[in-house]
Amino acid sequence: MSVKRVLASAPAKIILFGEHSVVYGKPAIAAAIDLRTYVRAEFNDTGAIKIEAHDIRTPGLIVSFTEDSIYFESDYGKAAEVLGYVRQAIELVKEEADVNGKGITVSITSQIPVGAGLGSSAAVAVATIGAVSRLLGLELSNEEVGKLGHRVELLVQGASSGIDPTVSAIGGFIHYQKGEFEHLPFMELPIVVGYTGSSGSTKELVAMVRRNYEEMPEIFEPILNSMGRLVEKAREVITSDLDRDLKFQTLGKLMNINHGLLDAIGVSTKKLSELVYAARTAGALGSKITGAGGGGCMYALAPGKQSEVATAIAIAGGTPMITKISREGLRIEEVE
Ligand SMILES: Nc1ncnc2c1ncn2[C@@H]1O[C@H](COP(=O)(O)OP(=O)(O)O)[C@@H](O)[C@H]1O
Ligand SMILES: C[C@@](O)(CCOP(=O)(O)O)CC(=O)O
Ligand SMILES: [Mg+2]
C-alpha cells in the first residue's frame, strides 16, 4: 500500500558547551530537549511544493479594507527566505527519489521559539527530511537524516558545524566534533533555560564571528582553543566516576568560563548577561548563553534550586523553561 501522509517530529536542543568554536572544528557537547517541531507531508495534485508554516510571522503586513472586501499584501521576498530551511530540506530529499511529477504539501507546527538558540532551524529541517523521505519511500536512518540536515544548514546559512541537526536527529546527550558524534552516558541535568524574548539569526552571528576572527586571528585563536579545551574537560568530568554533586560543581565553573569567552567574542547581549547573572545570584552553579546568542536563550545548572532560579530569571525579565533531555530524536508519529 502506498503512503499518502506522514507526520514526523524532531526535538530542539541546548548546547551545553562549545557553540561557535564548534564551527572551527573544536568539540562541543549538546543535548536534545523535550520541545518539538511537527511536520506533516502529503502529496498534492498541483506538481508544486507547498509549505504551510503556522508559526512563522511574516513582517510588513499591509491590509486594505473596502466596504465589502479585505486585501492583504506582505513582504514576500522575506517570506520566501524564511522558508529556506524547509524548501532546501524538501529539495534534497526529492533529489534522492522519483516523485513522478507529483507535488508535496508540507505543514509545520512547532513548540520551539524561532531564532532563540534552541535549534529551531535544525529541528524543522530534520522533521521535514524525516516526513518527506518516508512519504517518498526512502529508508533513511536517523543518522543519515542528520547528515542531510547539516547539508540544509550549510546551503541556507553558508556555515554550520552540523551539531544541531545531528543531535535533533539522533536525540540524547552527545559529544560532537567535525561531523563525528558519540553518545555520552545519559544523566538527568537539573537545568533551567531562560529566554530573553528577542531573537538572533545564527547565519548573521556566525558570519560576524568569522569577520572578527579574520581581522584578529591572533586574538580569536586562543579564545576558540580555550573553548575547545574546556569542552574536553567537561567530557572528562561527565564520563568520570566522580559523584554527581562534584560533577555539577566543576561543570558549573566550566559553564561560567564558557560564558565569559562567548561574551569576549561578542555574541552576548545586555539581557542575556542579566539573565546569566540573575541565575547565579539565585544559586545556580553555572550559567551561560546557549546557541548562537545575540538574543535568544541562556541556561543554568541548578541542582536543588531550579524553582528559585526560574523565579530569578522571570524577575530579571526573561521567560524560564524547565526542560528535560529528550532521549529520542527524529520520530515518525503517524503514517497513513
Ligand atoms: N516552525 C518553523 N517553520 C518554518 N521555518 C522555521 C521554523 N522554525 C525555524 N525555522 C527557520 O529557522 C530560522 C531560525 O534559525 P536560526 O537563525 O538558526 O535560529 P535557531 O535555530 O536558534 O532557532 C527561521 O528564520 C526559519 O527560517
Ligand atoms: C553558533 C552555532 O555553534 C550553534 C547555533 O545554534 P542555534 O542555531 O542558535 O540554535 C552554529 C553551529 O554550530 O553551526
Ligand atoms: Mg539554528
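Keep in mind that what you see is a predicted model, and the values were worked out from it rather than measured. Numbering of residues begins at 1 and proceeds along the displayed sequence. Just so you know, ligand 1 is whichever comes first in the structure, and atom 1 is the first atom listed for that ligand.
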**Item:** Atoms of ligand 2, numbered as shown, that sit under 4.0 Å from any heavy atom of Glu19
**Value:** 3 (O)
**Asked** Between Gln157 and Thr202, is any side-chain donor less than 3.5 angstrom from a side-chain acceptor?
**Response** no
**Request:** Just jot down the ligand 2 atoms closer than 4.0 angstrom to any heavy atom of Lys13, in number order.
**Result:** 6 (O), 7 (P), 10 (O)
**Request:** Check if Gly84 has a non-hydrogen atom at a distance under 4.0 Å from any atom of ligand 1.
**Result:** no
**Request:** For ligand 2, note which part of Leu118 has a heavy atom under 4.0 Å away: side chain, backbone, both or neither.
**Result:** backbone
**Asked** What is the closest protein heavy atom to atom 17 (O) of ligand 1, and at what distance does it sit?
**Response** Thr202 N, 3.0 Å
**Nearest-contact summary for atom 11 (C) of ligand 2 - protein heavy atom, Å** = Val23 CG2, 3.7 Å
**Message:** Determine whether a donor-acceptor pair (N or O, by modelled atom type, separation under 3.5 Å) exists between the side chain of Ser168 and the backbone of Asp164.
**Reply:** no
**Prompt:** Glu328 versus Pro11: any side-chain heavy-atom pair under 4.5 Å?
**Reply:** no
**Message:** For Ala116, state whether at least one heavy atom is located under 4.0 Å from any atom of ligand 1.
**Reply:** yes
**Request:** Look at ligand 1 and say whether Gly291 reaches it with a heavy atom at a distance under 4.0 Å.
**Result:** no
**Message:** Using only atom types and a distance under 3.5 Å, with no angle test, would you say the side chain of Glu336 pairs donor to acceptor with the backbone of Arg5?
**Reply:** no
**Prompt:** Tell me: protein heavy atom nearest atom 11 (C) of ligand 1, and distance?
**Reply:** Tyr85 CD1, 3.6 Å
**Asked** Which residue holds the protein heavy atom closest to atom 10 (N) of ligand 1, what is that atom called, and what is the gap in Å?
**Response** Val124 CG1, 4.0 Å
**Closest protein heavy atom (residue, atom, distance) for atom 9 (C) of ligand 1** = Ser120 OG, 3.0 Å
**Asked** Considering distance alone, does some N or O of Ile163 sit under 3.5 Å from an N or O of ligand 2?
**Response** no
**Asked** What residue and heavy atom of the protein are closest to atom 4 (C) of ligand 1, and at what distance?
**Response** Ile56 CG1, 3.6 Å
**Asked** How long is the span from the CD1 atom in Ile14 to the CE atom in Met321, to the nearest 0.5 Å?
**Response** 10.5 Å
**Prompt:** Has ligand 1 got any nitrogen or oxygen that is less than 3.5 angstrom from a nitrogen or oxygen of Gly117?
**Reply:** yes
**Message:** Would Val114 count as a contact residue for ligand 1, given that I'm defining contact as a non-hydrogen atom of the residue lying under 4.0 Å from a ligand atom?
**Reply:** yes
**Asked** Short N/O distance, under 3.5 Å, between Ser121 and ligand 1?
**Response** yes
**Prompt:** Which of the listed options, Gly115, Ser107, Ser199, Ser201, holds the heavy atom that is closest to atom 19 (O) of ligand 1?
**Reply:** Gly115
**Message:** Considering non-hydrogen atoms of the protein only, which is the closest contact for atom 27 (O) of ligand 1, and what is the distance?
**Reply:** Val82 O, 2.5 Å
**Request:** Can you sort out which atoms of ligand 2 are near Val22, meaning under 4.0 Å from one of its heavy atoms?
**Result:** 3 (O), 13 (O)
**Prompt:** Does the Ser21 side chain pair with the main chain of Gly18, one donor and one acceptor, at a distance under 3.5 Å?
**Reply:** yes
**Met227 CE to His20 NE2 distance, which is reported to the nearest 0.5 Å** = 8.0 Å
**Distance flag, aromatic centroids of Tyr24 and Tyr213, threshold under 6.0 Å** = yes
**Prompt:** With the 4.5 Å side-chain cut-off for hydrophobic clustering, are Leu35 and Leu189 part of the same group?
**Reply:** yes
**Item:** Note, Leu118 side chain near Cys297 side chain (heavy atom, < 4.5 Å)
**Value:** yes
**Asked** Between the side chains of Glu182 and Tyr176, is a donor N or O closer than 3.5 angstrom to an acceptor N or O?
**Response** no
**Asked** Can you check whether Leu301 reaches Ser287 side chain to side chain, under 4.5 Å on heavy atoms?
**Response** no
**Fill in**
CG of Leu254 to CG of Asn258, rounded to nearest 0.5 Å, is 8.5 Å
**Complete:** closest protein heavy atom to atom 12 (C) of ligand 2 is Ser161 OG, 3.4 Å
**Request:** Would you mind running through ligand 1 and noting each atom that sits below 4.0 Å from a heavy atom of Leu118?
**Result:** 22 (O)
**Asked** Any N/O of Glu153 closer than 3.5 Å to an N/O of ligand 2?
**Response** no
**Asked** Can you find an N/O atom of Gly117 closer than 3.5 Å to an N/O atom of ligand 2?
**Response** yes
**Atom indices of ligand 1 within 4.0 angstrom of Ser110 heavy atoms, with elements** = 1 (N)
**Request:** For Gly119, take its heavy atoms, then give the atoms of ligand 2 lying under 4.0 Å from any of them.
**Result:** 10 (O)
**Request:** Run the contact test for Gln157 against ligand 2 with a 4.0 Å cut-off on heavy atoms, strictly below, and give the result.
**Result:** no
**Request:** Please verify whether a non-hydrogen atom of Leu205 lies at under 4.0 Å from ligand 2.
**Result:** no
**Message:** Hydrophobic clusters here meaning ILVMFWY residues chained together by side-chain heavy-atom distances under 4.5 Å, can you tell me if Ile112 and Val39 are in one?
**Reply:** no
**Prompt:** For ligand 2, which atoms have a heavy atom of Ser160 less than 4.0 angstrom away?
**Reply:** 14 (O)
**Item:** Pair Asn256-Lys288, side-chain donor/acceptor within less than 3.5 Å
**Value:** no
**Request:** Consider every N or O of Ser121 and every N or O of ligand 2, then say whether any pair is closer than 3.5 Å.
**Result:** no
**Request:** Decide if atom CD of Glu214 counts as having more than 12 heavy atoms of other residues, nucleotides or ligands within a radius under 6.0 Å.
**Result:** yes
**Asked** Between Asn44 and Thr105, does any side-chain donor sit less than 3.5 Å from a side-chain acceptor?
**Response** yes
**Request:** Would you mind checking which non-hydrogen protein atom is closest to atom 4 (C) of ligand 2, with the distance to 0.1 Å?
**Result:** Ile15 CD1, 3.8 Å
**Message:** Return the closest protein heavy atom for atom 9 (O) of ligand 2 as residue, atom name and distance.
**Reply:** Ala292 N, 2.9 Å
**Item:** Minimum-distance protein heavy atom relative to atom 2 (C) of ligand 2
**Value:** His20 N, 4.0 Å
**Asked** Does any N or O atom in Ile108 lie less than 3.5 angstrom from one in ligand 1, N or O only?
**Response** no
**Item:** Identity and separation of the nearest protein heavy atom to atom 8 (O) of ligand 2
**Value:** Thr202 OG1, 2.6 Å
**Message:** Is there a salt bridge (Lys or Arg N to Asp or Glu O under 4.0 Å) between Lys94 and Glu96? Walk through the geometry before answering.
**Reply:** CA-CA 5 Å; Lys94 277 181 71 186; Glu96 310 283 323; over 6 Å; no
**Ser160 near the Mg ion (ligand 3): N/O/S under 2.8 Å** = no
**Asked** Can we say Glu274 and Lys271 salt-bridge, meaning some charged N sits less than 4.0 Å from an Asp/Glu carboxylate O?
**Response** yes
**Asked** Going by distance alone, is a donor N or O of one side chain under 3.5 Å from an acceptor N or O of the other, for Arg40 and Ser107?
**Response** no
